[in-house]
Amino acid sequence: MDKLIIQGGFPLHGEINISGAKNAALPILAATLLTDETVTVSNVPHLHDITTTMGLLGRMGSELTIDERMNIEVNNHNLRDYFAPYELVKTMRASILVLGPLLAHYGRADVSLPGGCAIGSRPVNLHLDGLKSMGAEIHVEGGYIRATANRLRGAKLTMDLVTVTGTENLMMAATLADGMTIIENAAREPEVVDLARCLIQMGAKIEGAGTDTIFIHGVDKLHGTHYTILPDRIESGTYLVAAAMTGGSIKLKNTRPQLLDAVIAKLREAGAEISHDDTNIVLEMNNRRPEAVNVHTSPFPGFPTDMQAQFTAMNCIAKGSGTITENVFENRFMHVQELQRMGARVRLEGNTAISRGVKQLNSAPVMATDLRASASLVLAGLVAKGSTVVDRIYHIDRGYETIEEKLTLLGAKIKRVPSALLN
Ligand code: EPZ
């Protein structure tokens with residue numbers, strides 16, 4: 001497994017382009033299963049999860065072509081298989097997103113249960129309950145979801161919890177159902193809105209995406225389209241925190257500042273000077289050390305759980321004491337023990353990480369456990385004394401396009417070393 005070696009102590013300066021949002025690209029690629037016509041998706045990030053999704057669609061019989069600018073053309077008119085195997089789904093939980101489209105368009109789906117991951121048990125009961133309410137026959141046996149439906153019918157679905165992919169799965173299924181579906185307590189994430197926009201371009205009748213109640217009036221057929229993915233707000237937030245931690249100043253291009261209100265507010269509270277227009281964000285820290293902040297994660301438009309690990313790392317080197325409370329996932333503090341190895345004075349009390357900032361962390365060999373935890377360890381390495389080695393960085397390759405190139409562009413001293421060279 002590759003490792004990243006980071007030499008700490010270099011403030012970040014410069015500008016980078018932000019890639020397309022992973023968590024919009026994944027449901028939108030799944031949505032191509034809703035039509036027999038060609039769907040072209042642009043601004044797709046070059047990430048391992050995207051490759052995995054293309055592999056899943058390809059094994060079902062999708063015809064995919066991809067160009068050097070990561071425009072992906074998908075045509076499913078020859079789809080011959082409705083099966084998502086465990087060995088693939090276990091590497092990427094978001095594979096569950098093919099369930100709704102397969103059921104809605106082909107009337108059947110055999111999808112492996114995703115299983116848990118480092119950050120939690122991550123059940124999909126709300127996805128299945130919603131599809132059952134829409135008339136699907138669903139049996140879970142041998143670790144697989146076996147689902148059939150003649151034609152799904154519209155239903156009123158009140159979600160017990162706000163679930164992003166649950167909302168996305170049910171919204172996709174409802175586009176071809178007979179009648180009206182109402183999703184109450186729906187997720188409001190920008191990636192849900194991006195999916196809805198793509199579905200509407202394909203002929204779906206959807207209102208209310210981005211609010212907590214979404215109305216979907218089923219149609220008989222969806223057609224092809226060309227859709228461009230929105231910028232990745234979590235990648236944007238991660239680089240803003242990197243600049244704040246290193247005392248630098250950076251400009252993010254091709255991003256969407258209005259999707260980052262909660263993150264920008266907290267960074268300003270930490271002492272960062274931030275200005276932006278519609279597509280660019282500038283953060284200046286002018287060698288100041290950030291102030292510690294208190295954060296509570298919650299569904300959009302609250303503070304995103306996907307930015308929690310990065311802010312935990314920032315609090316570890318900030319002035320004063322701060323608390324980070326994780327309210328979405330039950331085990332999303334795996335990075336804390338690694339940060340402690342680097343000399344951070346941070347401790348867990350229930351679902352809260354309490355830190356007292358130190359001036360400088362010490363480099364250490366650390367291990368990534370999940371996507372955003374690995375990002376927080378890279379950020380910690382940027383400010384640690386000496387050279388930090390982050391292992392198991394396949395986690396990071398799932399969500400950050402060319403992270404070492406982008407950080408090098410900003411002046412970081414970071415390199416990727418295939419682990420074979422390290423032994
Ligand atoms: C999506 O995961 C994102 N992934 C996650 O990003 C993100 O952290 C999460 O939403 C929260 O914003 C994708 O979009 C591909 P949830 P998802 O369903 O949909 C519970 C990253 O870093 N729940 O909104 O799986 C669940 O256990 C990833 O890019 C149920 O109990 O998250 C959790 O506690 C990590 N039953 C809470 O709801 C269900 O049926 C929110 O989960 C579904 C969810």
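Residue indices begin at 1 and follow the sequence shown. Small disclaimer: the values here were computed from a predicted structure and weren't measured. As the structure lists them, so they are numbered: ligands from 1, and atoms in each ligand from 1.
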Between [X] and [Y], do the side chains contain an N or O donor and an N or O acceptor separated by less than 3.5 Å?
| X | Y | value |
| --- | --- | --- |
| Q310 | T238 | yes |
| T38 | N75 | yes |
| D194 | Y227 | yes |

A242: side chain to side chain contact (heavy atoms under 4.5 Å, CB included) partners, not counting sequence neighbours: L12, L379, L382
Those protein residues which place at least one heavy atom below 4.0 Å from ligand 1: K22, N23, R93, A94, R122, P123, V124, N125, L126, H127, L161, V162, T163, V164, T165, T305, D306, V328, F329, R332, L371, R372
Minimal non-hydrogen separation, S355 against N315, with atom names: OG-CB, 3.3 Å
Exercise: identify the closest heavy-atom pair between M172 and P101: SD-CG, 3.7 Å
